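Here the structure comes first, spelled out in structure tokens, and everything after it is commentary.
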Protein chains: 2
Amino acid sequence: MSKNYGEYAMFMKALADETRVKIFDMLCEGELCACKILEDFKITQPTLSYHMKILCDSGLVNGRRDGVWMKYSINENGLNSLKNLFDNIGHKIVKCNK
Amino acid sequence: MSKNYGEYAMFMKALADETRVKIFDMLCEGELCACKILEDFKITQPTLSYHMKILCDSGLVNGRRDGVWMKYSINENGLNSLKNLFDNIGHKIVKCNK
DNA sequence: AATGGACATAGATAAATGTCAATGTGTTAG
DNA sequence: CTAACACATTGACATTTATCTATGTCCATT
């Protein structure tokens, strides 16, 4: 089974930004409205929108409209893929430290 | 205990490139010479050197001279930090899926 | 229908990134 | 000591990224 390093890199790239990894962390606590997320950062609304698009495109985050608001949450499918990736590396760590 | 999102992002950034994540994966199998790594990619030697520097600076990889050769291997300290980061996210996954 | 609020998109831009060719630095062999 | 080899550094360059302002779109309220 050949490994999909491109997919690995894509997940990493989505989280390779301090703003995005913090948003990801916040969403792990539960669904959040974009305007609520925005309050925690010193960025403009379009910039947040840009980051949310990257997180959603990566498959790690899910967005849904709720009237006027956009509610973002962790996407379980993406999360499982990420977890598999982590388990994979975790396995290697054990191997390396043997 | 406040989280160091900058450190999170730094590790992710080191692996947010298909070439580097593949090198990281190769090194998990054991120490490798730069010239041996180079054989697996369609990049020039200076480009590999550039990537190796990023991996080493991140603390995930260690380099040592062995005569004319540079031998690279996984750095256990960096690996443990990465593993802690993963465990942290893994914990959240469980929390999210509860 | 008109207004206003929440978010997305477009365009511009400065900074960071990945790549190469050319060159520099160490180390070993002869 | 010199030549050859392995690797690092430098400078140049094209691409990507993160950010903003300005504007567009969608929805709810009036």
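Just so it is clear: chains get the letters A, B, ... in the order the sequence lines come, proteins before strands, and each one is counted from 1. All figures in this text were calculated on a predicted structure; none of them were measured in a lab.
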| remark: B:L15 atom CG is separated from C:dG18 atom P, nearest whole Å, by 12 Å
| task | Using atom CZ of A:F41 as one end and atom C1' of D:dA18 as the other, report the distance to the nearest whole Å. | result | 14 Å
| Cluster overlap A:L55 with A:I43, hydrophobic side-chain contacts below 4.5 Å | yes
| query | Between atom CD in B:E39 and atom P in D:dA6, what is the gap in whole Å? | reply | 11 Å
| said: What residues from residues 63-72 of chain A pass a heavy-atom cutoff of under 4.0 Å to DNA chain D? | reply: A:R65, A:G67, A:V68
| field | Heavy-atom pair with the smallest gap, counting every atom of B:L79 and B:L60 | value | N-CD2, 4.3 Å
| A:Y8 reachable from A:I54 in the ILVMFWY side-chain graph, under 4.5 Å edges | no
| said: With clusters defined by side-chain heavy atoms of hydrophobic residues (ILVMFWY) lying less than 4.5 Å apart, directly or transitively, does B:W69 cluster with B:L32? | reply: no
| query | Nearest heavy-atom pair of B:S58 and B:F11: which atoms, and what distance? | reply | O-CE2, 3.5 Å
| request: Round to the nearest Å and state the distance from B:L38 atom CG to D:dC7 atom P. | output: 8 Å
| Sugar-phosphate only, base, or nothing, as touched by A:K13 at under 4.0 Å among non-hydrogen atoms | sugar-phosphate
| query | What pairs meet the side-chain hydrogen bond (donor to acceptor under 3.5 Å, both in side chains) rule with one or both residues in residues 10-20 of chain A, with sequence neighbours excluded? | reply | A:R20-A:H51
| request: Check the distance between D:dC7's C1' and B:I37's CD1 and give it to me in whole angstrom. | output: 12 Å
| message | Between A:Y5 and B:V61, is there shared hydrophobic-cluster membership here, with clusters defined by ILVMFWY side-chain heavy atoms closer than 4.5 Å? | response | yes
| message | According to a hydrophobic-cluster definition based on side-chain heavy atoms being under 4.5 Å apart (Ile, Leu, Val, Met, Phe, Trp, Tyr only), do B:V68 and B:L38 belong together? | response | no
| message | Short of 4.0 Å, heavy atom to strand atom, which residues of residues 42-62 of chain A count as contacting DNA chain C? | response | A:Q45, A:P46, A:S49
